[in-house]
There are 2 protein chains.
Amino acid sequence: MTNSRITIKDLAERLNLSISTISRALNDHPSIGKKTTKEVKKLARELGFTPNTMASNLRRNKTQSIGVIVPRIDIHFHSHVISGIEETAYRLGYNVTIFQSRDSLEREIAVTEILQAKRVEGVIACLGLETTDSRHFARFNEIKIPLVFYDRVSKDVESSKVIIDDFDAAFRATEHLINTGCRNIAHIAGNRNTDIFKARVKGYKAALLKHDLEANENLIQYTSELSYEEGATCAKKLLTVTPLPDGVFCANDNTAISAIQVFKKANLRIPEDIAVVGFSNYPISSIMEPTLTTIDDRAFEMGQTAAKLLIRQIEDKDQNIASETIVIKTDLIVRDSTNRNPKG
Amino acid sequence: MTNSRITIKDLAERLNLSISTISRALNDHPSIGKKTTKEVKKLARELGFTPNTMASNLRRNKTQSIGVIVPRIDIHFHSHVISGIEETAYRLGYNVTIFQSRDSLEREIAVTEILQAKRVEGVIACLGLETTDSRHFARFNEIKIPLVFYDRVSKDVESSKVIIDDFDAAFRATEHLINTGCRNIAHIAGNRNTDIFKARVKGYKAALLKHDLEANENLIQYTSELSYEEGATCAKKLLTVTPLPDGVFCANDNTAISAIQVFKKANLRIPEDIAVVGFSNYPISSIMEPTLTTIDDRAFEMGQTAAKLLIRQIEDKDQNIASETIVIKTDLIVRDSTNRNPKG
DNA sequence: TTGTATGCGTTATCAG
DNA sequence: CTGATAACGCATACAA
């Protein structure tokens, strides 16, 4: 019966009022009489009137929507970030339209164009793996659309950024191993060219330095993408080092998990013989045996922060849109894989 | 320099053409001369013109966008479904706006209203846990907006549905245990009132029946939400049953994982003493020890199917929008937790 | 407190 | 092949 095509014009005719009065009543404009406002809203409800935001948006030149570009939605980290974004966007009255680049540069570029046409009011993005040149995002600056990167951020275009303090996290993870008695600590590292992984190596080294432990290069195993398989390979190599490491800081949970499995197969006890710390706090880390000490990457909070930052910039558009970089402090989650009595 | 405010009117003035010509040229209308079309497009590119989809949408009464409501984005299953939705929506020229109900009925209702105002052309939803009465979705039928549920579907409102064949999956999982030599098979079940879990119990029983095995009620352990902790409790109870079960079919991976841990602590060998099958194929299941035989729930494919179905309905609007229920066949992924030589 | 008139940027219906 | 003009549904400056 009642169908969606009801407009304020229909309401106006029914009530013998002008459409402006209807419009104002619906928006609780102070100049409209209480009684009129009530009547209008009542009829609107009865008729199942739903305002057409397209029209309203066109008129106000607003869309109340933000665009999000992630490499893949189904990666735990990204889905957590998105969850944080949606949560705060919802509370602040924005909705979020999602795109996956699937790590394809071509698609990432195509999506930036769609986002412009869609007139989103702001963009949150994490660069895809293929993206070395991110100038396709520069257009957003030209047309004054706020842009916030998280995790994999752009060097080519000015923008706000939300990242975690990888150096600090790695430092604390390593120091935790030291505090728990480890003296010969290895590191399974990520790609040598990626900033966040470089920072983790530095944090690891700095912690050793602080405690007068030597940073032995052959205790650092680099991988290309921190895969589960690479972790196993690295762990096996570490088993050939003498003296055997008594602790390992891994740059993610995948490698930590496979390292632990390799060590267990070699009849080493975790954490007594080798303690292990991971990075990211995957769901599995609290379930596996032993449970894994790891760095919580605060994905949800990153999303919240990115959304807050973005929306602030959207709504302060007149001001100088100063780019801002927010560094989120991480938590060390201590579990069984490092639970041993400190010795020495 | 070039900013977003360029409109077809600007292009028209620059080229001394009418806005209709510009509009048509931009849309490759056949009646416009090749040369003109080329010139228009060239200038548009130079000036960084981006069509205002808001205006176009208002005019055409289209939005090219679909709304998705999920309980939580950061649950592995849902993020996979969303990924499938986004993937096919993108290919078909739609974009997806995402909302989380966070299992709150109030929020779910609020979101359905936002979706109406946003004039999305279709809705894909998975009901939240609080939702027993889903009549707030009925409005979409009234205003002829196609609606597709997945996984947790509505009984109250007519709609299309995409679900997996839980009975068949459970049947095959149980039969696999039988084929691998198990004769005394237990089941860790979900909530007694939820359709999908009831179907899994039935599938389990049917497999036993087919192979002339008795369905012993005390081998079925019901849980309320299939949590990791409940799985452990059930597993401990199963250890007190005589004769000890030689196989367990669990209604999800969480309970399978904790059951395996309990069994291992009790010095039982997996799969030799007890074989275990899970349900969902979480990432962890291929990593844990032993790797877990499980049912792949085809989340990504569910998303693709839901999106295809929805968009077909959107574009066939004139036809009678027959509700359709699609049942997706699942895969049994055989891994080490059931890898034993069939005996008897 | 309410009404009139105009325009947001497009597309579509007419003519020419 | 091209142009003038009227919508789409709403918000608002200006009047009354």
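Just so it is clear: chains get the letters A, B, ... in the order the sequence lines come, proteins before strands, and each one is counted from 1. All values derive from a computational prediction rather than experimental measurement.
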Student: Take atom CD1 of B/Ile8 and atom P of C/dC8, then tell me their distance rounded to the nearest Å.
Tutor: 12 Å
Student: Output the rounded distance in Å from CG (A/Leu26) to C1' (D/dT12).
Tutor: 15 Å
Student: Where along residues 17-25 of chain A does a heavy atom come under 4.0 Å from DNA chain C, residue by residue in number order?
Tutor: A/Leu17, A/Ser18, A/Ser20, A/Thr21, A/Arg24
Student: Rounding to a whole Å, what distance do you find between A/Arg60:CZ and D/dC8:P?
Tutor: 21 Å
Student: Classify the nucleic acid contact of B/Asn61 as base, sugar-phosphate or nothing, counting any heavy atom under 4.0 Å across all strands shown.
Tutor: nothing
Student: Please name all residues satisfying side chain to side chain donor-acceptor pair (under 3.5 Å) with B/Thr132, sequence neighbours left out, ordered by chain then number.
Tutor: none
Student: Looking at residues at least two apart in the chain, or sitting in another chain, which of them share a salt bridge (charged side-chain N to carboxylate O under 4.0 Å, His left out) with B/Glu324?
Tutor: B/Arg312
Student: Checking B/Glu108 now: which residues fulfil salt bridge (charged side-chain N to carboxylate O under 4.0 Å, His left out) with it, not counting sequence neighbours?
Tutor: none
Student: For B/Leu58 and C/dG7, what is the distance between atoms CG and P respectively, to the nearest whole Å?
Tutor: 17 Å
Student: Whole angstroms only, please: what is the CD-C1' distance between A/Glu13 and C/dG3?
Tutor: 15 Å
Student: How many Å lie between CG on B/Asp10 and C1' on C/dC8, as a whole number?
Tutor: 13 Å
Student: Do any of residues 29-44 of chain A sit with a heavy atom less than 4.0 Å from DNA chain C, and if so which?
Tutor: A/Ser31, A/Ile32, A/Gly33, A/Thr36
Student: Apply side chain to side chain contact (heavy atoms under 4.5 Å, CB included) to B/Ser79 and list each qualifying residue two or more places apart in sequence or on a separate chain.
Tutor: A/Ile73, A/Asp74, A/Ser79
Student: Mind checking what makes salt bridge (charged side-chain N to carboxylate O under 4.0 Å, His left out) contact with A/Glu130, not counting sequence neighbours?
Tutor: none
Student: Using 0.5 Å steps for rounding, measure from the NZ atom of B/Lys62 to the CE atom of A/Met54.
Tutor: 10.5 Å
Student: For A/Lys9 and C/dT4, what is the distance between atoms NZ and C1' respectively, to the nearest whole Å?
Tutor: 15 Å
Student: Just to verify, what does B/Lys9 make a salt bridge (charged side-chain N to carboxylate O under 4.0 Å, His left out) with, not counting sequence neighbours?
Tutor: none
Student: So that I can tick it off, tell me whether A/Arg152 and A/Asp195 are bridged by a salt bridge, with the cut-off set at under 4.0 angstrom between side-chain N and carboxylate O.
Tutor: no
Student: What integer distance in Å separates B/Met54:CE from D/dG9:P?
Tutor: 16 Å
Student: Please list all pairs passing the salt bridge (Lys or Arg N to Asp or Glu O under 4.0 Å) test where one or both residues lie in residues 94-105 of chain A, with sequence neighbours left out.
Tutor: A/Arg72-A/Asp103, A/Arg102-B/Glu87
Student: Mind checking B/Asn27 for me? I need base, sugar-phosphate or nothing, with any heavy atom below 4.0 Å counting as a touch.
Tutor: sugar-phosphate
